[in-house]
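Everything on this sheet refers to the single structure shown next.
Quantities reported herein were computed from a predicted structural model and do not represent experimental measurements.
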Amino acid sequence: MPGQMFDQIRDLYQAELYEDLKQLMSIVLSLIDGSAGRDSGELLTLAQKYQSLVYYGDALYQLGEYKKAESAYSRCLLLRKMPNKAKIKSSTATEPTSEVDVQFKIYQCLHKMNQNAEALSTLESINTKKRTARVNLALAKLYLHEGRDRSAITCYKEVIREHPLALGALTGLLSLGMRGADVIAYIMNGIPQASYDWLNSWIKGHAHIAAKEYSNAISTFRAMEPNHGLKDNVLVLNSLGEACFHGGHYTQAMAQFRRAHTLDPLCLKNMDVYAYLLSKEKKTAELHALAQSLMSVSETSVEPWVAMGYSSLALHSPNNSKSKTIRAVYCAQKAYNLDNLSVQALVLKGSALLDMKKSPQAIQHFQEAVRMAPNRFEAYQGLIGCYMSNRKIKEALAWATRAFKTIGNNARTCTLIASVLAKDPSCVAKAKQYLNRAMTSDPHLLEPVYLMVDLLIQEQDYVKGVELLRQMLEHHSTTRLHQQLADCLARMNHHQEALHEYNISLSLDPNNSQAREANKRIEKHNEHGLDSSYDVEAEEMMNASDGDPDYNSDMESAWSETDFSQP
């Protein structure tokens, strides 16, 4: 009887014995194909064959055989097009999988294989009246990747029309420029307003992020904890961390992501950004622990591989730098293969290529990151680093200006332009104007202070440098602030005070080689004195002005001998 074989196939599928189902279907399909000209219905009816192929495709998908799964699903659709397709809706107690669902399964296979054009074509072939919420959500994301914002907005609205609390779709609409008030008005008819007071704040916060009003976003998300009883909510903490990160407040962002990870070690959202920040701030031990923790959660998500890549780069192995780079390369490539929409994977790869002095290839990857995320500051920063490494000041300034126009007139973009202008002796005065504007715009941002002090040291204006640094140290204590203060004091022959500041700098970062060397020279001066013709601080001043403060910790990565023409 046909039903007996189908029952066995269905039972294997329900028991999730996918390898066994795969082997059985191989036999069954051969028997069916070999019965051409005879009654193949003795084994499976048309409806049963259709559903068995769906189960077969699902099993192959679970086993990671996406190309073969796509082929199985495509055979299902061919059965649908047969003249006797009506029989598929009968002859079995199991409700057959709908054609729309089969098409979505084909999309999933194509998406896994990074065939986004084919995946988009598959979803677009579904009649608009038959598209489900998950079809519209997948379409929206693909349209975003293609830069078709209006089509993405339409799809997001369709999702929200059916599911007003689809927070991912709401965030997507806000990111595409829809006003927060309009989004709230659009969904409030579908939900009991009194029960969702928190939703107004959540939408307003993400609307502020979309509008690049990061300070307002930070205030809004911070207020959600006490005002709406959302203490220690990981979603809110992640949103707060994003606002801090995009606003350039890296220390605050790191604190929020650290808190989210502590509360929920299984959460992966934004952990790749958290790893980037730990790497940037040289929190090596914490970075290694994070990477190991995330990898134990999932090996099929982007975030653990990005974290492992940064962790590999942070290894202290000067005699074996190539091997650690190769490990980082593998992790970064794995992350990109899992999701070719990952901006963080592109930033990591671009930084690595630059470290290998493969600037043309690095430029390609940073430009792709800019295309995918036009408001991502780190992508512009890396791109400018590529041009600066080749002394292409004109090109670097062009991209810094583009960042200024795209991201907006804020402290970070002003600092980015200043970092380029500072490399041209004739533009130092203009660079200082941008830095003053940056420090006025955000008094707590340290990057413009670092660069301004470097310029003051070059001009031998140590008094102003000390004044600025002491002012910042009232609110911040970083190894670089203390080192720069020590550098200024040493040049003013205040050696005892300089020694004190170098010691503080080393206590904050024992691996600060510049502070350690300068500290030794000061101690030697105090013990024995130095030849009056020897400039104690000359080498320090040159080291301090070697690189832009914006890039120093970003470019500590490398890439392997792979195909660099594509990410």
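Between the Q484 side chain and the Y450 main chain, a donor and an acceptor come within less than 3.5 Å of each other. The closest donor-acceptor contact from the side chain of S175 to the backbone of G172 lies under 3.5 Å. Looking at N114, its side chain does come within 3.5 Å of a backbone N or O of N337 through a donor-acceptor pair. Proximity of a side-chain donor or acceptor of S505 to a complementary backbone N or O of H482 within less than 3.5 Å is not detected. No donor-acceptor pair closer than 3.5 Å links the side chain of N390 to the backbone N or O of K392. Looking at S121, its side chain never comes within 3.5 Å of a backbone N or O of A117 through a donor-acceptor pair. In this structure, the side chain of T440 engages the main chain of N436 through a donor-acceptor pair within 3.5 Å. When atom types are taken as modelled, the side chain of S298 and the backbone of L294 share no donor-acceptor pair closer than 3.5 angstrom. Between the R131 side chain and the E124 main chain, a donor and an acceptor come within less than 3.5 Å of each other. Listed for the S441 side chain is no donor-acceptor partner under 3.5 Å among the backbone atoms of R437.
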### Task
Could you give me the CA-CA distance, side-chain angles and deciding distance for K269 and D264, then say whether salt bridge (Lys or Arg N to Asp or Glu O under 4.0 Å) is met?
CA-CA 11 Å; K269 183 177 175 60; D264 184 4; over 6 Å; no
### Task
Test E378 against R412 for salt bridge (Lys or Arg N to Asp or Glu O under 4.0 Å), laying out the working first.
CA-CA 10 Å; E378 293 73 23; R412 287 203 298 172; 3.4 Å; yes
### Task
Please lay out, stage by stage, how E368 and K349 fare under the test salt bridge (Lys or Arg N to Asp or Glu O under 4.0 Å).
CA-CA 11 Å; E368 176 63 10; K349 186 173 180 182; over 6 Å; no
### Pair K464-E459, salt bridge (Lys or Arg N to Asp or Glu O under 4.0 Å): steps then yes or no
CA-CA 10 Å; K464 282 188 179 180; E459 296 174 345; over 6 Å; no
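Judged purely by distance below 3.5 Å, without hydrogens or angles, the side chains of R376 and Q344 pair a donor atom with an acceptor atom. Using a 3.5 Å distance cut-off with no hydrogens or angles, the side chains of N216 and S219 do not pair a donor with an acceptor.
The two atoms that bring M388 and A396 nearest to each other are SD-CB, 3.6 Å, heavy atoms only. The shortest heavy-atom contact between P374 and I407 is O-CG1, 4.1 Å. Nearest approach of M372 to L341, heavy atoms of both residues: CE-O, 2.9 Å. The minimum heavy-atom distance between A243 and A217, with the atom names listed, is CB-CB, 3.9 Å. The minimum heavy-atom distance between L176 and A152, with the atom names listed, is CD1-CB, 3.8 Å. Of all the heavy atoms in R371 and H145, the pair that sits closest is NH1-O, 3.5 Å.
A 6.0 Å sphere centred on CD of E299 holds no more than 12 heavy atoms belonging to other residues, nucleotides or ligands. The neighbour count for H208 NE2, taken as heavy atoms of other residues, nucleotides or ligands under 6.0 Å away, is above 12. For NZ of K105, the number of neighbouring non-hydrogen atoms (other residues, nucleotides, ligands) closer than 6.0 Å is greater than 12. For K283, the NZ atom is loosely surrounded, since the number of other residues' heavy atoms within 6.0 Å does not exceed 12.
With a 6.0 Å cutoff to the six-membered ring centre and a 45° limit on the axis angle, R327 does not count as a cation-pi contact of Y330.
Between atom OH of residue Y214 and atom CD of residue E242 there is a gap of 10.5 Å, rounded to the nearest 0.5 Å. Distance check: L508 CG to L481 CG gives 9.5 Å after rounding to the nearest 0.5 Å.
Between H206 and W202, the ring-plane angle classifies as tilted under the 30° and 60° cut-offs. The aromatic rings of F404 and Y434 sit perpendicular to each other, their planes meeting at more than 60°, with 30° as the lower class boundary.
Under 4.0 Å is where a charged nitrogen must lie from a carboxylate oxygen, and between R259 and D232 at least one such pair does.
Taking the six-membered ring for Trp and the full ring otherwise, F104 and Y107 have centroids separated by under 6.0 Å.
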